[in-house]
Amino acid sequence: MINDTTLTEEMILTSLQDGVLTITLNRPERLNSFNDEMHRQLSAAIKIAEQDESVRCLVITGAGRGFCAGQDLNDRNVAVGSEAPDLGFSVETYYNPLIRRLTSLPKPIICAVNGVAAGAGAAIALAGDIVIAAKNASFIQSFCRLGLVPDSGGSWFLPQLAGRARAMGMAMLGDKISAEQALQWGMIWQVTDHDQLAATVNNLAKHLATQPTYGLGLIKKAIHSAATNTLDQQLDLERDLQRLGGRSHDYREGVDAFLNKREPTFQGK
């Protein structure tokens, strides 16, 4: 994997190949849990996806045996008698902007969940557009064991994907949900053998990187908006987005390829 970071401690690794930007969370000894520096490095990596037009698909995965265990509790000072930490500051400064950037990125995101995804790590995984998990992966919302609330969009993603009853159970009990269970509940797209995860994700990412990226971004916007829109609002949004899509280069290329019975060559514009 190409390492594009220049910092001494590389908590985030990036690789750009064939239009696919792969971001690897790289604190395997801490199950890729976050501290402030890791947030800053991840922010810089996502900026590549946002600004580099050659990036047509983003893949997020974890190094080692875990995807992401959420916040590194060793980075918190909660000793008895010490001043209570402002957890809201961390959420507002790091986690909320991260989720907003991922869900608004006008390019497809695949989350390759290679192991445990806990707390904010589970929410980050579920923020992906397509989530593929290894059979040994699991999803945990363990905030309840600390007297806290699912954050990073966890309290939004869970009922949207799995339904209210399952979301309540996961949030209040903190039980581990297997990859197979997550698939049955509609939380993720696909489960694969651990040794096939990288190849499966790579093949899908390369495919998406050849598709009409601008149009995929419009699809993403439409589906996210549907969670809060009324039907009338969604119909109006679909009209507006379809108008934009119809003005794109890829739409004209797609129609021309169809009429002339050839494979389209999309530019993502």
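These numbers come from the heavy atoms of this one structure, side chains and all, not from hydrogens, waters or symmetry mates.
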Discussion item. Between His224 and Ser104, is the side-chain contact (heavy atoms from CB on, under 4.5 Å) condition met? List the steps.
Written reply: CA-CA 9 Å; His224 280 299; Ser104 64; over 6 Å; no
Item to complete: List the steps, then state whether side chain to side chain donor-acceptor pair (under 3.5 Å) holds for Glu37 with Gln41.
Response: CA-CA 6 Å; Glu37 178 56 30; Gln41 292 185 30; 3.1 Å; yes
Discussion item. Walk me through whether Trp185 and Leu161 qualify under side-chain contact (heavy atoms from CB on, under 4.5 Å).
Written reply: CA-CA 8 Å; Trp185 286 3; Leu161 297 171; over 6 Å; no
Practice prompt. Could you go through the side chain to side chain donor-acceptor pair (under 3.5 Å) check for Ser54 and Asp52 one step at a time?
Written response: CA-CA 5 Å; Ser54 70; Asp52 190 339; 2.6 Å; yes
Item to complete: Report the C-alpha distance between Tyr214 and Leu244 in whole Å, list the side-chain angles of each, state the deciding distance to 0.1 Å, and finish with yes or no for side-chain contact (heavy atoms from CB on, under 4.5 Å).
Response: CA-CA 9 Å; Tyr214 180 73; Leu244 293 174; 3.5 Å; yes
Practice prompt. Decide yes or no on side-chain contact (heavy atoms from CB on, under 4.5 Å) for Cys57 and Ile110, but give the supporting numbers first.
Written response: CA-CA 8 Å; Cys57 180; Ile110 302 173; 4.1 Å; yes
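Remark: the backbone N or O of Gly115 is not paired with any side-chain donor or acceptor of Arg65 at under 3.5 angstrom. Within the 3.5 Å criterion, the main-chain N or O of Leu58 finds no donor-acceptor partner in the side chain of Lys107. Looking at Glu53, its side chain never comes within 3.5 Å of a backbone N or O of Gly268 through a donor-acceptor pair. Looking only at distances, a side-chain donor or acceptor of Thr61 sits under 3.5 Å from a matching main-chain atom of Ala112. The backbone N or O of Ala63 sits nowhere less than 3.5 Å from a side-chain atom of Asn26 that would complete a donor-acceptor pair. Asp250 contributes a side-chain N or O that, together with a main-chain N or O of Lys269, makes up a donor-acceptor pair within less than 3.5 Å. Looking only at distances, no side-chain donor or acceptor of Asp72 sits under 3.5 Å from a matching main-chain atom of Phe34. The backbone N or O of Thr213 lies less than 3.5 Å from no partner atom in the side chain of Gln267, so there is not a single donor-acceptor pair. Proximity of a side-chain donor or acceptor of Thr93 to a complementary backbone N or O of Ser90 within less than 3.5 Å is not detected.
Cluster annotation: Ile124 is not connected to Val201 through the hydrophobic network of ILVMFWY side chains, with a link wherever side-chain heavy atoms come within less than 4.5 Å. Using a 4.5 Å cut-off between side-chain heavy atoms of Ile, Leu, Val, Met, Phe, Trp and Tyr, with links allowed through other members, Phe67 and Met11 fall into the same hydrophobic cluster. At a threshold of 4.5 Å between side-chain heavy atoms, the hydrophobic network of Ile, Leu, Val, Met, Phe, Trp and Tyr places Leu208 and Phe266 in two separate groups. If you chain together hydrophobic residues whose side chains sit under 4.5 Å apart, Ile130 and Leu126 never meet in one group. In the hydrophobic clustering of this structure, Ile60 does not group with Ile140; members are Ile, Leu, Val, Met, Phe, Trp, Tyr whose side-chain heavy atoms approach within less than 4.5 Å, directly or through other members.
Here the side chains of Ile188 and Val113 are not in contact, with every heavy-atom distance at 4.5 Å or above. Using a 4.5 Å cut-off on side-chain heavy atoms (C-beta onward), Gln181 and Phe139 make no contact. Looking at Val20 and Asn202, their side chains never come closer than 4.5 Å, going by heavy atoms from C-beta outward. At least one side-chain heavy atom of Met170 sits under 4.5 Å from a side-chain heavy atom of Met187. Side-chain contact between Gln233 and Leu237 is absent, with no heavy atoms from C-beta onward closer than 4.5 Å. Side-chain contact between Asp129 and Trp189 is absent, with no heavy-atom pair separated by less than 4.5 Å. Side-chain contact between Ile99 and Phe157 is present, with heavy atoms from C-beta onward closer than 4.5 Å. With a 4.5 Å cut-off on side-chain heavy atoms, Gln190 and Leu204 do not count as touching.
Annotation: Arg40, atom CZ; neighbour count of heavy atoms from other residues, nucleotides and ligands within 6.0 Å is above 12. Residue Gln242 places its CD atom among 12 or fewer non-hydrogen atoms of other residues, nucleotides or ligands, all under 6.0 Å distant. When the shell of 6.0 Å around NZ of Lys220 is examined, it contains more than 12 heavy atoms from other residues, nucleotides or ligands. Within 6.0 Å of atom CD in Glu263, 12 or fewer heavy atoms from other residues, nucleotides or ligands are found, so the atom counts as exposed in its surroundings.
Contact detail for Ser33 and Arg27: the closest heavy-atom pair is O-NH1, 2.9 Å. The nearest pair of heavy atoms linking Ala122 to Ala117 is CB-O, 3.3 Å. Here the closest non-hydrogen pair linking Leu25 and Asn32 is O-OD1, 3.0 Å. Contact detail for Pro264 and Gly254: the closest heavy-atom pair is CB-CA, 4.5 Å. Across all their heavy atoms, Val59 and Ala205 have their closest contact at CG2-CB, 3.7 Å. Minimum heavy-atom separation, Leu173 to Arg145: O-NH2, 3.8 Å.
Partner of Lys135 under the side-chain hydrogen bond (donor to acceptor under 3.5 Å, both in side chains) criterion, chosen from Asp195, Asp193, Thr192: Asp193.
Checked for salt-bridge contact, Glu50 and Lys47 miss the test: no charged N lies under 4.0 Å from a carboxylate O.
To the nearest 0.5 Å, atoms CG (Asn35) and CD (Glu9) are separated by 7.5 Å. Here Asp175 contributes atom CG and Met172 contributes atom CE; the two are 13.0 Å apart, rounded to the nearest 0.5 Å. Here the SG-CG distance, from Cys111 to Leu102, works out to 7.0 Å after rounding to the nearest 0.5 Å. Of the inter-residue distances, the one linking Leu105 atom CG with Leu216 atom CG reads 11.5 Å to the nearest 0.5 angstrom.
Among residue pairs with one or both ends in residues 251-261, those qualifying as salt bridge (charged side-chain N to carboxylate O under 4.0 Å, His left out) are Glu253-Arg262, Asp256-Arg262; sequence neighbours excluded.
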